[in-house]
Every structure is written in structure tokens, then in C-alpha cells.
Q: 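Dropping the structure in here first, questions after.
In what follows, chains carry the letters A, B, and so on, assigned in the order in which the sequence lines appear, proteins first and then strands, with residues in each chain numbered from 1. Heavy atoms only: backbone and side chains are in, while hydrogens, waters and symmetry mates are out. Since the structure is predicted, the reported quantities are computational estimates derived from the model, not experimental observations.
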Amino acid sequence: MQRFSALRLLGHGLTGHKHWRQSWRHPEPKREYDVVIVGGGGHGLATAYYLAREHGMTNIAVVEKGWIGGGNTGRNTTIVRSNYLWDEAAHLYEKSLKLWEGLSHELNFNVMFSQRGVMNLAHSLQDVRDAERRANANVLNGIDSEILTPEQIRQKVPLISISPTARYPVLGATFQPRGGVARHDAITWGYARAADALGVDIIQNCEVTGVLKESGHVVGVETTRGVIRARKVGVVAAGHSSVIAQMAGLRLPIESHPLQAFVSEPCKPALDTVVMSNAVHAYISQSDKGEFVVGAGIDGYNGYSQSGGYNVIEGAVAAIVELFPTLSRIRLMRQWGGIVDVAPDACPIIGLTPLKGLYINCGWGTGGFKSTPGSGWVLAHTIAHNRPHELNLPFTLERFSSGALIDEHGAAGVAH
Amino acid sequence: MFLIECPWCGRRDQGEFSCGGEAHIVRPASPDDLDDESWADYLFNRKNPKGVHLEQWVHIQGCGRWFNAARNTVSNKIVSVYKVGEEPPHPEKRKPVPESGQ
């Protein structure tokens, strides 16, 4: 890998930037690998990277049906935080946040992680009680979390209306200073480049069409570019997890839904933190380009269409305009939808499956982006050791039959 | 964004409806006899197909009545609408329509 540095940038600048090497190869798939990862989004690439980096397994392929980062990794609102209520979730997301904090340095790629803080608003007395409970739980878990009064909120975010007569009065908020946003493309490219440098084959335009089984063991995948055999297969296919699982003859507690987001025209800097509200199903931040990035809640029906209903956009926009009256005349510029894999308890499923050789990482629902590094890290450990890491042990498929669900709807049901 | 034909009110915008998820899930006759895996399968596991899905809808902002629909989850094309208790459309009539939006 050609490392990036100020000196190298200067050198390439003097030669007209004509001699940069490609960041990753485009290899033909080999006949057999130790591990095949299905899905070349951030989570899949991170899994491959940590398998190579932490566990010394380098005979790995990541197969992606489109182009890397073209799925949900490029279809989110890039928010990163770890202020989850329950211990299990808090530990998992905090691991991810800690990895984010060192990621640009580790990958030698600027992932533009900007710890500008994340604010979760409370609009009713019960919201305030829930917020206080969550902030206290976070502090007990060593996660930075504060409670803000309406006046403190207004000082941090002058644009917000804290009028007591508002339709959604702002009565308080939790604030996680270490939360923030990152660059969605950069995390994909950073992991791809670093994984490739460790010998991982990234195979794009390669859709999995079947799962190969021999006497109950998964031994590879059929793809549009031929059969690829593998000792272990990790499925990291987000909204298409059920589709791959069906090929393997496995049923999952997952339903896929469209999730929409949109950006405004670029404006001067006016919002230097992330503001989210579970109660009104909307969240907003301002990108480095000046666009307001707004996310909505999921559309209420199963869907694989990467688009959703206007009524959902309208609901999110109405809530944002109510909270930020000055934004009412800003025009929206782009809109998109992703397909999110929602689990019954709004928590991910990471672990082994009843099929030997098949590992699954899905159910991140509306909150996958923030967990990209941690998700890859724990799945890599699970695949390498053939057992879950302590961090993802509570998140295996078995929790649905044992009944040990982790209800994070309060922290994850809407907000990313 | 798509339209749904309510069996009672006719064709209306999808935003007037609320989806109740997969249809034809039958509660096991004697839950006490099931092992945990089978009970979990009934409670949580879903078909979630990429293609035609048999699902329950309620016209929440209209007549408030429930019905079933066969809808393609990729194109959002409604293959057929039928009342609760009626047989779902024959599988031959649920042939996948060409995918779009992918």
C-alpha cells in the first residue's frame, strides 16, 4: 500500500497527480478461500480487514453484487454515537466509537470523523425521564453523556425553537460530546484499501446466487462469476440478509424496510452538532459542504425498493421545520432510500448459525453506520475463533429462542 | 409511493394505510407442546421475501378495516387484494414482475 502523507501529497502534486497507484486491486475470484464475506459495504470490508489484521487470516474474499459502499454505506446520515441504554448494546457501540476515534490514523485514510456531539431531544415529561435514565445508564457504563436544559440547548443550537407553545416543545436533551459524524465513502475506501493491502480480494459486480452446502456444512457460494468455495462464509448483507439466508435454507427474525433521508441545498455553517428526536422521527446535521442532512423513520411495510413514500418525507420535514423554523424556506436537493434489516428488538444479530461454516451479521436496522468498525471487529473474532466475542455474545441468533432480547427501541427505534 | 385498492373504499394512497406485516401466520394449536426454537420461529422469524409478499393491511385513515394484499416488495406492485379469511391468490398468479429500482 502506498501510504498517504503530506510529503507524498506534495510529491504527487509536483508531478501533476498522474502517478497515484490504485487503492485496491480488481482481482478475478479464486476457486477457494478460507473465508468469503458476502457484502462489500463498510461492515463486510471491516470484517475482512480485522480478520487479516487481528487474526492473521489473509486468504479472504469480499464479494459484492454492485460496487463497494454502494448499498447502505452510501445511503445513511453518517451519525456516530454510543449512548445506548442497555449494558450489552452500550458496550458494543462504545467499542465501535473507540475504534472510530483511532481509525483515520490506523487506516492511514482520513475518515473525516468529526466529534461534534450528538443531541437527543426530549419533548415530554416522560421523554425527559427516559433521557435522564439513559444518560445515567451511559455514565455508569463509562460513556460520556450529559443532560441539557432548554436554555443550554438554545446556547448550543441557536437555530432551535424552544418556545413552550411549540407543537413539540423542547424540554431537555441528552448530549454525547464524543458523538458526531464521519464520511461514508471514506470509511468504505479506507477499509477496502487497508484490507487489500493485507491480501484480501475485493470482488465487485459479483452477486451471490446460491449457498453451497455439503452434508450440512456451508462450503462456499455460487455467484454470477462462478462458484467460490470457502471454509467459512460470513453474511453481511444488511437489507438482503433474508435473501441470502433463504438460499441457505435458514429463517431469520428480520424484516427489510425502506429508510429515507435527504439533503438540502448547501448553506453557510449554522448547525455544528447533530440534533435528533425520537419522538418526532427526525434528525439533522450539517455536512461539511453546508447541506442539511435530514433522516426520517422507516416506511412501515417490507420493501426492497430503495425508495419510500412521500408521506414519510413530509412527516420528517414537518418536524424539522417545527423545530427549526428558519429552515422552512430551504430547498431539498436530493433524496434517497436504503433497505434496512430490522430485528424485533432493534438490535443486531451477530454470530454463528445452525449451519456450520455460516456466520451472520445483520439486524443493524436503522443504526448500522455508526457501528461499522465494531461490527467488523466482533464478526472477525467470531469467524476466526468459531465463537462469539464477549461483546457480541448477547447478540447471537439464540436470544430469540432463549428470550433474552435486548430492547433498544428507545435508543435505536428511529434514531441512527 | 403507491396506491392500494381497499376492498371497501377503493383505490387510495398508501399513506392512508398501515401495514400489519406477514399474513397467514397461524398461532400454534398447542404452544405448550412446542420447543423454544419452534415457538421463537412462530414469534419472530419472517419470510421477508424479495418478491411477492402476502401481508396484512389496515385502512387506518379510512374505513379502519383489515384485509390482505399480495404485493411485490421490489416494485411495490399490488398483485391482488383479498379479504381476511379468503385464500391467497394462486402461486401462478404471483409470478414475480420485473424488478425495478435496483
Q: Where on A:L405 is there a heavy atom nearer than 4.5 Å to chain B: the side chain, the backbone, both, or neither?
A: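 Looking at A:L405, just its side chain touches chain B.
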Q: If I take atom CG from residue A:N302 and atom CD from residue B:E22, how far apart are they, to the nearest 0.5 angstrom?
A: 8.0 Å
Q: With rounding to the nearest 0.5 Å, note down the distance linking CD1 in A:I339 to NZ in B:K50.
A: 6.5 Å
Q: Can you find a pair of side-chain heavy atoms, one from B:N45 and one from A:F400, that are under 4.5 Å apart?
A: no
Q: Relative to chain A, which segment of B:Q14 carries a heavy atom at a distance below 4.5 Å: side chain, backbone, both, or neither?
A: side chain
Q: Side chain, backbone, both or neither: which part of A:I254 has a heavy atom under 4.5 Å from chain B?
A: both
Q: Has the side chain of B:R46 got a donor or acceptor atom that lies under 3.5 Å from a matching backbone atom of A:E255?
A: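 A pair under 3.5 Å: no.
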Q: State the CZ-CG distance between B:F44 and A:D345, to the nearest 0.5 angstrom.
A: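 B:F44 atom CZ to A:D345 atom CG measures 7.5 Å (nearest 0.5 Å).
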Q: Which bit of B:D13 comes within less than 4.5 Å of chain A, counting heavy atoms only: side chain, backbone, both or neither?
A: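 Contact with chain A involves no heavy atom of B:D13 at all.
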Q: When heavy-atom pairs shorter than 4.5 Å are enumerated against chain A, which of B:N76, B:L43, B:D41, B:T73 gives the highest number?
A: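 Greatest number of close heavy-atom pairs with chain A: B:T73.
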Q: Select one option (side chain, backbone, both, neither) describing which atoms of B:F2 are under 4.5 Å from chain A's heavy atoms.
A: side chain
Q: Applying a criterion of heavy atom separation less than 4.5 Å, what residues of residues 23-31 of chain B form contacts with chain A?
A: none
Q: Closer than 3.5 angstrom, by distance alone: can the side chain of B:N48 be matched with the main-chain N or O of A:S256 as a donor-acceptor pair?
A: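 Yes; at least one donor-acceptor contact below 3.5 Å.
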